[in-house]
Number of protein chains: 2
Amino acid sequence: MIEQAKDTETKILDAAKEVFQHKGLTGARMQEIADKAGINKALLHYYYRTKDKLFEKVFELAFSVFIPKVREMVLSSDKKVFEKVEFFVESYINLLYKHPFIPGFVINELNRNPQILVNFFEKNIQFKELNLFDNFDAQLKSEAENGIIRPIDSRNLMTTVIGMCIFPIVARPIIQGIMFNNDKKAYEVFLSERKKFITEFIINAIKVH
Amino acid sequence: MIEQAKDTETKILDAAKEVFQHKGLTGARMQEIADKAGINKALLHYYYRTKDKLFEKVFELAFSVFIPKVREMVLSSDKKVFEKVEFFVESYINLLYKHPFIPGFVINELNRNPQILVNFFEKNIQFKELNLFDNFDAQLKSEAENGIIRPIDSRNLMTTVIGMCIFPIVARPIIQGIMFNNDKKAYEVFLSERKKFITEFIINAIKVH
DNA sequence: GTCTATACACTGATAGAC
DNA sequence: GTCTATCAGTGTATAGAC
């Protein structure tokens, strides 16, 4: 039945997401994915022929979650830079709370095998846009000339903003361990307050006072 | 012979570092480490009984490379905050150039198994220092009261500074791929210019203008 | 200390019944 | 579509000779 098939496929993908994102491609076990999905290994291979193909699917879905926000940030033209930063940080961190393991998963797997990204862009050409940052650079230049912000290029700004949001999440075990004596509650407070901190920090850094 | 033994042990550790840091605990193969070290698997187990023990050694060495700089930053008391930031970014990025794969390796393995960090601090109690950030917080508070910097706490500052240095390295495949069309040379230029960018960005953000 | 040979467990994948 | 049973390959680890 298609009904049942759809359900099983969803169960498999959900289970695969959890296992792959926590243990990585090489650490994940088909048996564990099957167990989590409530089926057996044979059925796993029936739906996704190989482990690699299942992984590829999980990676694509994970990657697609965080890309649109970045495109929106650099492409949208109806906001001033300060508003853009504030809006982006707000929505990006909300997204991080929903999917805290995706960034570390994506970063790690891409370091192990950068080819994955090339394959992704070949399969999803709608994301492959040349000169994606040109408009944003023009806006930054314009606002700098008008004396609103200091001169800054889009790559450095985006890398900084995204890094400030993501780093406390992917490096959580080490930061929480060293700076917060592994106090989980204290770290959650830190994270909840950091949203406001990031926005103010960025704006103070680029603002002309 | 001790002479020979020392040499073999070094060869093994060097090989293990390279393989573990590139492929992770679960992706690494004892065979590959043996090949890189120019010996066979049996000898590998003769020196380090299990894969886990060899990994543990590699992790400890990797982790110890980046910790002292952080302690130095927060503990040293002979510099003003601006100088500290400038000095830290300079020396931390130099260290990153020497060991570009360690941060991603450490972050990833700690996410897979946070217990590693607990074990590390138990074995290396000299690194386990309570209230490590108290002095730095006092300095930040003092300079804020003197109108030199805006109020900021040490955890947010350290997380931001370290994140700005490390993020472009660990997330290199994705940033280079999306923002630089996978142009390796262009990304190297970006990285070389970023050292200065980080220092100025941080100081602008916390300075009272 | 270093090697060859091998034990033993596990993993991804398939065959075939229902 | 879903299952049980099983294969072929690979991985860590050890035994034993030198």
Side-chain angles (χ1 to χ4, degrees), chain A residues 1-62 105 108-109 112-113 115-116 119, chain B residues 1-62 105 108-109 112-113 115-116 119:
Chain A
M1 285 175 259
I2 291 181
E3 194 75 13
Q4 181 69 1
K6 197 72 196 166
D7 194 50
T8 301
E9 207 170 329
T10 306
K11 276 189 203 160
I12 291 178
L13 263 188
D14 287 345
K17 275 183 203 173
E18 200 177 317
V19 177
F20 276 129
Q21 287 175 16
H22 278 86
K23 312 210 166 169
L25 169 60
T26 56
R29 295 289 165 255
M30 295 298 267
Q31 184 63 60
E32 190 181 351
I33 296 173
D35 290 345
K36 270 214 163 65
I39 56 167
N40 56 55
K41 277 191 294 178
L43 202 53
L44 222 54
H45 285 90
Y46 173 79
Y47 280 92
Y48 302 86
R49 269 182 5 86
T50 66
K51 185 185 184 185
D52 278 349
K53 287 198 194 305
L54 179 54
F55 172 82
E56 193 182 17
K57 187 76 185 170
V58 169
F59 181 89
E60 278 173 25
L61 290 173
F105 166 69
N108 179 53
E109 298 301 336
R112 306 246 177 282
N113 179 16
Q115 183 65 28
I116 302 173
N119 298 342
Chain B
M1 286 174 257
I2 291 181
E3 193 76 13
Q4 181 69 0
K6 196 72 197 165
D7 194 51
T8 302
E9 208 170 328
T10 306
K11 275 187 202 159
I12 291 177
L13 264 187
D14 286 345
K17 275 183 202 174
E18 200 176 318
V19 177
F20 275 129
Q21 287 176 16
H22 277 87
K23 312 209 165 169
L25 170 59
T26 55
R29 295 289 166 255
M30 294 299 264
Q31 184 63 60
E32 189 180 353
I33 296 173
D35 290 345
K36 270 214 163 64
I39 56 167
N40 57 56
K41 279 190 292 178
L43 202 53
L44 221 54
H45 286 90
Y46 173 80
Y47 280 92
Y48 302 86
R49 268 181 5 86
T50 66
K51 184 185 184 185
D52 278 349
K53 288 198 195 305
L54 179 54
F55 172 81
E56 193 182 15
K57 187 77 186 169
V58 169
F59 181 88
E60 278 173 23
L61 290 173
F105 166 70
N108 179 52
E109 298 301 337
R112 305 246 177 282
N113 179 16
Q115 184 64 28
I116 301 174
N119 298 343

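Both backbone and side-chain heavy atoms feed into the values below; hydrogens, waters and symmetry mates do not. Naming convention: chains lettered A, B, ... in sequence-line order (proteins, then strands); numbering from 1 in each chain.
Ranking dA13(C), dT2(D), dG1(C) by closeness to the Leu43(B) side chain, first place goes to dG1(C). The side chain of Asn40(A) sits closest to dC3(D) out of dT2(C), dA13(D), dC3(D). Taking every side-chain heavy atom of Thr50(A) into account, dA13(C) is the closest of dA13(C), dT14(C), dC3(D).
Tyr47(B) has a side-chain polar atom (N or O) that falls below the 4.0 Å cut-off from OP1 or OP2 of dT2(C). A sub-4.0 Å separation between OP1 or OP2 of dT14(C) and a side-chain N or O of His45(A) is absent. In terms of phosphate contacts, Thr8(B) brings no side-chain nitrogen or oxygen within less than 4.0 Å of OP1 or OP2 of dG1(C).
For the atom pair Met30(B) CE and Lys51(B) NZ, the distance stands at 7.5 Å (nearest 0.5 Å). A distance of 11.5 Å separates OG1 in Thr8(A) from CG in Leu13(A), rounded to the nearest 0.5 Å.
Between the NZ atom of Lys23(B) and the P atom of dG11(D) there is a distance of 10 Å, rounded to whole Å. Distance, Asp35(A) CG to dG12(C) P: 12 Å, rounded to whole Å. Atom NZ in Lys53(B) sits about 16 Å away from atom P in dT12(D), given to the nearest Å. Rounded to a whole Å, the OH atom of Tyr46(B) is 15 Å from the C1' atom of dA17(D). Between Glu9(B) atom CD and dT2(C) atom P there is a gap of 10 Å when expressed in whole angstrom units. Summarising the geometry, the separation between NZ on Lys11(A) and C1' on dG1(D) is reported as 12 Å, rounded to the nearest angstrom. Between Leu44(A) atom CG and dT11(C) atom C1' there is a gap of 13 Å when expressed in whole angstrom units. Nucleotide dG12(C) holds its P atom 15 Å from the CD1 atom of Ile12(A), rounded to whole Å.
Considering all non-hydrogen atoms of both residues, Gly27(A) and Thr26(B) come closest at N-OG1, 3.4 Å. Considering every non-hydrogen atom in both His45(B) and Thr50(B), the closest pair reads CD2-CA, 4.4 Å.
Remark on DNA chain C: of its neighbouring residues Ala42(A) and Arg29(A), the 5'-side contact belongs to Arg29(A), judged by nearest-heavy-atom nucleotide.
Ala34(B) comes within contact range of no nucleotide atom at all, as no heavy-atom separation falls under 4.0 Å.
Applying the 3.5 Å distance criterion, the base of dG12(C) shares a donor-acceptor pair with the side chain of Lys41(A).
At a cut-off of 3.5 Å, with distance as the only test, no side-chain donor of Asn113(B) or Glu109(B) sits close to an acceptor on the other residue.
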